Amino acid sequence: MKHFQLLFSLVLFLIPSVLFAQPERSCNTMDYLDIQLQENPQMEAQMSRIEQFTQNYINNHNGNSQRAVITIPTVVHVVYRSSSQNVSTAQIQSQIDVLNADFGTKGNSWPQGADSEIAFCLASVDPNGNPTSGITRTSTNKRSFSYSNDGVKFNSMGGHDAWPAGDYLNIWVCDLGSGLLGYAQFPGGNAATDGVVIDYA
């Protein structure tokens, strides 16, 4: 399941960007990838291995209509400075529902009519085995966050540490500066920063 979480973290980011994109806002996923590749030259080889793994899986399971739906436990880390940035549980659940509809598991909204056999749910158990709503809320004194330092992904930088990327899809919701809509990490990067960051608006 780890490979699917990594692979679909980028796809997860693309859905909100289509729904909420505004002309003056931008996605910095490719700029973020450039920074990561400069900091970790081995990441490109890791990305290639994951792509090959994914292609092998597709080839070995092509036409198998008996595949089980893969459900990805998701944690949404809400990092807020004001009450308007502290998005509601209802809004988060609504976006999980939209995500599931877009991936075809609850009434496909894609024109092709394909079912991806992937579902997302808010995590019910945290990394310590305790019950959870799948939502963390962190008050911060940071005015905004940027993709250039990944601050929202670390307690020490005013954000919230990731839950283990092999067990959860991490989504951070925060105030992003410079008209940034969001960004996502490509598969193969650092597990401590794996996930998707979306502006609270």
Side-chain angles (χ1 to χ4, degrees), residues 1 4-22 25 27-29 69-110 116 118-140 142-147 150-155 157-177 179-185 192-201:
M1 184 160 90
F4 287 104
Q5 287 179 285
L6 293 171
L7 178 65
F8 289 108
S9 20
L10 174 63
V11 177
L12 178 63
F13 171 71
L14 294 177
I15 292 167
S17 69
V18 170
L19 295 175
F20 302 112
Q22 300 172 12
R25 308 216 43 194
C27 166
N28 283 79
T29 296
V69 171
I70 297 169
T71 300
I72 299 175
T74 303
V75 56
V76 177
H77 304 291
V78 179
V79 181
Y80 64 95
R81 188 166 188 252
S82 68
S83 60
S84 64
Q85 297 170 6
N86 191 8
V87 297
S88 71
T89 299
Q91 185 177 357
I92 292 168
Q93 185 58 59
S94 170
Q95 292 305 298
I96 296 290
D97 294 343
V98 168
L99 194 57
N100 281 317
D102 285 342
F103 274 80
T105 56
K106 290 185 179 178
N108 194 314
S109 62
W110 288 94
S116 67
I118 296 170
F120 300 87
C121 68
L122 289 171
S124 58
V125 178
D126 75 9
N128 297 318
N130 299 315
T132 180
S133 64
I135 301 169
T136 68
R137 296 186 184 276
T138 303
S139 178
T140 187
K142 300 289 183 185
R143 288 192 177 276
S144 64
F145 292 93
S146 168
Y147 71 93
D150 257 349
V152 74
K153 299 178 181 179
F154 298 98
N155 294 346
M157 298 177 75
H160 194 288
D161 289 346
W163 287 10
D167 299 319
Y168 303 94
L169 172 63
N170 287 276
I171 301 175
W172 289 268
V173 178
C174 64
D175 186 10
L176 289 170
L180 180 61
L181 177 64
Y183 63 96
Q185 178 168 303
T193 57
D194 187 61
V196 182
V197 181
I198 302 171
D199 186 81
Y200 76 96

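Keep in mind that this is a model prediction, so the values were computed, not measured. The first residue in the sequence is number 1, and the count goes up from there.
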Task: Pairwise distance CD(Gln85) to OG(Ser139) - rounded to 0.5 angstrom - done: 9.5 Å
Open item on the list: Would you compute the distance between atom OH of Tyr183 and atom CH2 of Trp172 and round it to the nearest 0.5 angstrom?
Closed with: 8.0 Å
- [ ] Can you measure from CG (Leu169) to CG (Leu99) and round to the nearest 0.5 angstrom?
- [x] 8.5 Å
Open item on the list: Show the nearest heavy-atom pair for residues Thr71 and Cys121, with the distance to one decimal.
Closed with: CG2-SG, 3.6 Å
TODO: List in chain and number order the residues that pass side-chain hydrogen bond (donor to acceptor under 3.5 Å, both in side chains) with Thr140, two or more places apart in sequence or in another chain; answer none if no residue qualifies.
DONE: none
TODO: Could you tell me which non-hydrogen atom of Ala123 sits nearest to which non-hydrogen atom of Trp163, and how far apart they are?
DONE: CB-CZ3, 4.3 Å
TODO: Could you tell me whether the side chain of Val197 reaches within less than 4.5 Å of the side chain of Val173, counting heavy atoms only?
DONE: no
Task: Heavy-atom closest contact (Ser144 atom, Gly177 atom, distance) - done: CB-N, 3.7 Å
TODO: Measure the CZ-CG distance between Arg81 and Asn86 for me, rounded to the nearest 0.5 Å.
DONE: 14.0 Å
Task: Check: Val87 main-chain N/O paired with Arg137 side-chain donor or acceptor under 3.5 Å - done: yes
TODO: May I ask you to test the Ser146-Leu180 pair for a side-chain heavy-atom distance under 4.5 Å?
DONE: no
Task: Ser94 side chain reached by Ile92 side chain, heavy atoms, under 4.5 Å - done: no
Open item on the list: Looking at Asp194 and Ala165, would you say the former's side chain and the latter's main chain have a donor-acceptor pair under 3.5 Å?
Closed with: no
Task: Heavy-atom donor-acceptor pair, Lys153 side chain to Thr193 backbone, under 3.5 Å - done: yes
Open item on the list: Looking at Phe120, is its backbone amide N or carbonyl O close enough to the side chain of Asn100 to form a donor-acceptor pair, meaning the two atoms are under 3.5 Å apart?
Closed with: yes
- [ ] With sequence neighbours excluded, give me every side chain to side chain donor-acceptor pair (under 3.5 Å) pair touching residues 126-136.
- [x] His77-Thr136
TODO: Verify, without hydrogens or angle tests, whether Asp199 (side chain) and Asp175 (backbone) share a donor-acceptor contact under 3.5 angstrom.
DONE: no
- [ ] Report the distance from atom OH of Tyr200 to atom CD of Gln91, rounding to the nearest 0.5 Å.
- [x] 11.0 Å
Open item on the list: Taking the side chain as everything from C-beta on, heavy atoms only, tell me whether Ile118 gets closer than 4.5 Å to Val69.
Closed with: no
Open item on the list: When you compare the side chain of Leu122 with that of Ile135, does any pair of heavy atoms fall below 4.5 Å?
Closed with: yes
Open item on the list: To the closest 0.5 Å, what do you measure between CD1 (Ile96) and OG1 (Thr74)?
Closed with: 5.0 Å
Open item on the list: Could you walk me through whether Val75 and Ile171 satisfy the side-chain contact (heavy atoms from CB on, under 4.5 Å) test, starting with their C-alpha distance in whole Å, then the side-chain angles of each, then the deciding distance to 0.1 Å, before giving a yes or no?
Closed with: CA-CA 6 Å; Val75 56; Ile171 301 175; over 6 Å; no
Task: For Ser82, side-chain hydrogen bond (donor to acceptor under 3.5 Å, both in side chains) partners two or more places apart - done: Ser84
